[in-house]
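Handing you this structure, nothing more for now.
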Amino acid sequence: MGIVTPGFTGRRRDEAPDLPPGQYLTHDFPVLSAGPTPGVDRDRWSLEVVTETGDRSQWSWPELMALPRETVTVDLHCVTRWSKLGTSWTGVSLDTLLADVETTADYALVHSYGGYTTNLPLADLLDGQAWVAFEYEHDELDPEHGGPARLLVPHLYLWKSAKWVRGITLTVDDEPGFWESVGYHNYGDPWREQRYWDE
Amino acid sequence: MSDSTDPTTALDGNAAAGVLSSVFTTELTAAVAWCLGCGRGAALADAAFFVDAPGAVLRCRGCEGVLVRVVVAPDRTWLDLHGVAVLELPVGP
Amino acid sequence: MPWRVGTVRAVHDETPTARTLVLEVPDWSGHVAGQHVDIRLTAPDGYSATRSYSVASAAGPSATVEVTVDRVPDGEVSPFLTEVLPVGGAVELRGPLGGWFVWRPDGAAVVQLVGGGSGVVPLMSMLRTHAAASAETPMRLLLSVRDPAALFYADELAALTREGGHRGLTVVWTREAPAGADRPPGRVDAALLAAATIPAADRPTCFVCGPNGFVEAAAAMLVAAGHAAARIRTERFGPTGGSRR
């Protein structure tokens with residue numbers, strides 16, 4: 001830890017009883033990115049799910065919009081230590097998207113426009129735990145926060161909620177994504193403070 | 001490349017000198033890096049630097065491919081240079 | 001490179017929003033013009049924020065290093081450095097950093113500096129270093145600034161670039177010009193750049209510093225004016241700390 005600078009507090013941060021270990025509460029919505037914001041036109045947007053056998057399912061924007069959607073209120077926990085509670089998102093559940101997908105794969109590798117990837121067990125995308133979200137606080141999702149659509153998996157650190165989602169590949173073997181391959185924890189449970197590779 | 005008003009593209013590799021200095025004793029921003037993806041060679045100082053992220057990322061200005069990633073944890077630092085095919089360092093002051 | 005402690009020995013307000021901090025750093029090894037330092041602030045709960053600031057003072061042996069900090073609206077670090085940190089206060093810093101956007105007086109190349117707003121800071125270090133070394137190779141600065149209130153180092157820039165010397169200055173006002181200015185307010189364009197800068201035929205080394213958009217535009221104009229890309233070095237300033245909306 002650095003030497004404390006008298007008088008410096010930084011932006012408002014609160015402690016709150018319901019936060020995972022090591023997190024602080026923020027009241028704004030920081031934008032973090034490993035690359036430039038991709039510009040994605042909705043009329044060329046598509047989301048693709050590819051199984052371990054190569055079977056593909058694809059949705060265009062109108063097709064995504066036609067699917068049953070949910071509005072959920074969730075807490076966000078970023079590995080850089082900020083948490084934002086009670087955020088509202090509207091999207092299509094991965095249970096809906098994967099309902100007709102036949103697979104025996106255990107893992108998923110998520111791909112974003114711009115090249116970002118992240119991996120997680122397929123089970124963590126199901127049972128009401130994940131959405132392809134396109135509205136934040138009842139407004140169209142801003143590109144800098146992942147619009148037109150991002151993955152939302154709030155029970156894991158926010159780097160797993162891939163912005164600008166374009167595809168999910170179901171894999172037999174677990175393949176580490178962008179941050180998982182350079183030090184960040186493969187699973188990323190904020191409640192067990194799984195930030196980095198186990199030593 | 002990308003919208004130059006996009007705040008996430010605002011910096012270049014000059015600003016990475018500090019994080020690189022936590023890993024290397026040699027000054028690296030003046031080193032020329034050839035991108036493994038597109039073959040473009042430029043000083044690391046010229047790379048697009050994304051610092052507002054869980055780690056530091058330097059990208060090639062030619063193809064946006066990742067050149068360098070650095071993740072600094074309290075007790076460890078990870079460094080990935082595999083996006084750099086060759087690094088040419090100047091010798092001397 | 002280790003973090004060291006810098007103690008504020010003096011402060012000087014350059015403009016209503018920009019303050020120069022004179023920091024004393026024990027065993028400071030000196031710096032090369034154009035280098036920067038990282039300054040890290042740590043709150044009592046361990047939260048820390050780090051930002052980079054160009055060194056403004058001239059290169060050479062010195063126990064102090066000067067940085068000029070421009071207060072960013074709603075910033076996290078610059079309001080503290082420009083409004084809260086007192087003389088006698090201390091901050092952690094790391095440096096000097098950088099080996100690309102640097103100038104030493106030992107070369108023969110003529111130098112064209114192009115700055116936008118707070119991008120003048122490392123260029124000021126180059127001008128001060130040039131003067132301290134009594135260098136005679138031409139060095140010119142083309143500086144783009146919003147309005148007179150936003151101009152750092154106004155008096156010293158005038159003194160350093162007096163007629164008949166080896167250093168020259170052109171200021172371009174983009175929003176509001178002072179009375180008696182040479183031209184109405186407006187951005188630097190190709191014609192203005194060509195008229196105010198050392199010709200490409202003289203093969204100057206060019207240093208361009210400022211916000212991202214300014215640097216991209218200015219560098220493109222220099223290339224269009226015939227300067228070899230290999231002789232143009234750029235440093236982009238911009239917001240850090242996770243834009244927050």
Side-chain angles (χ1 to χ4, degrees), chain B residues 1-33 40-59 61-62 67-68 70 72-75 77 87-93, chain C residues 1-3 30-32 34-40 46 48-54 59 72 76 92-102 104 106-107 119 122 207-220 229-230 232-245:
Chain B
M1 211 171 123
S2 329
D3 178 1
S4 63
T5 61
D6 179 352
T8 56
T9 62
L11 298 185
D12 58 34
N14 288 293
V19 68
L20 290 172
S21 81
S22 68
V23 182
F24 298 101
T25 52
T26 302
E27 208 293 313
L28 275 191
T29 63
V32 177
R40 180 180 184 274
L44 279 180
D46 186 59
F49 182 41
F50 297 88
V51 60
D52 293 330
V57 181
L58 286 168
R59 288 179 179 268
R61 273 193 201 274
L67 293 167
V68 178
V70 186
V72 178
D75 55 344
T77 294
L87 195 64
E88 177 187 292
L89 293 95
V91 170
Chain C
M1 186 175 288
W3 287 95
H31 71 284
V32 178
Q35 287 188 305
H36 64 273
V37 294
D38 284 352
I39 291 180
R40 176 171 75 185
S48 76
T50 301
R51 302 288 185 270
S52 299
Y53 295 103
S54 292
V72 173
E76 190 171 31
E92 283 189 296
L93 63 80
R94 176 169 64 182
L97 296 165
W100 176 250
F101 195 81
V102 293
R104 296 177 175 84
D106 51 7
F207 292 94
V208 185
C209 185
N212 187 50
F214 174 85
V215 166
E216 301 266 307
I232 302 171
R233 299 202 172 188
T234 58
E235 180 159 277
R236 295 160 176 80
F237 285 2
T240 52
S243 321
R244 333 186 65 92
R245 267 149 285 201

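Just so it is clear, the values below take in all heavy atoms, side chains as well, and ignore hydrogens, waters and symmetry mates. In what follows, every chain begins at residue 1, and chains take the letters A, B, ... in the order their sequences are listed.
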- Task: Heavy-atom distances under 4.5 Å only: say whether B:T29 touches chain C with side chain, backbone, both or neither.
- Result: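 The answer is both parts of B:T29.
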
Options C:P211, C:G98, C:A229, C:G95, ranked by heavy-atom pairs under 4.5 Å with chain B, top entry:
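Among the listed options, the one with the most contacts to chain B is C:G98.
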
Q: Could you check which of C:M1, C:E235, C:R233 has the highest count of heavy-atom pairs closer than 4.5 Å to chain B?
A: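 Most heavy-atom pairs within the cutoff with chain B belong to C:E235.
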
Point to revise | Check: C:V32 main-chain N/O paired with C:Q35 side-chain donor or acceptor under 3.5 Å | key: yes

For this session: Using atom types as modelled and distance alone, determine if a side-chain donor or acceptor of B:E27 lies under 3.5 Å from a backbone N or O of B:A30.
Result: yes

Let me have the donor-acceptor pairs involving side chains of residues 40-51 of chain B, under 3.5 Å, with sequence neighbours excluded, atom names and distances please.
residue: B:R40; atom: NH2; partner: B:D46; partner atom: OD2; Å: 3.4

(Q) I'd like to know if the side chain of B:N14 reaches the main chain of C:T234, judged simply by a donor and an acceptor atom lying under 3.5 Å from each other, with no hydrogens or angles considered. (A)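 Present.
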
Check your understanding: If you tally heavy-atom pairs under 4.5 Å against chain B, which of C:G99, C:A230, C:A217 wins?
Key ->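 Looking at each option in turn, the highest pair count goes to C:G99.
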
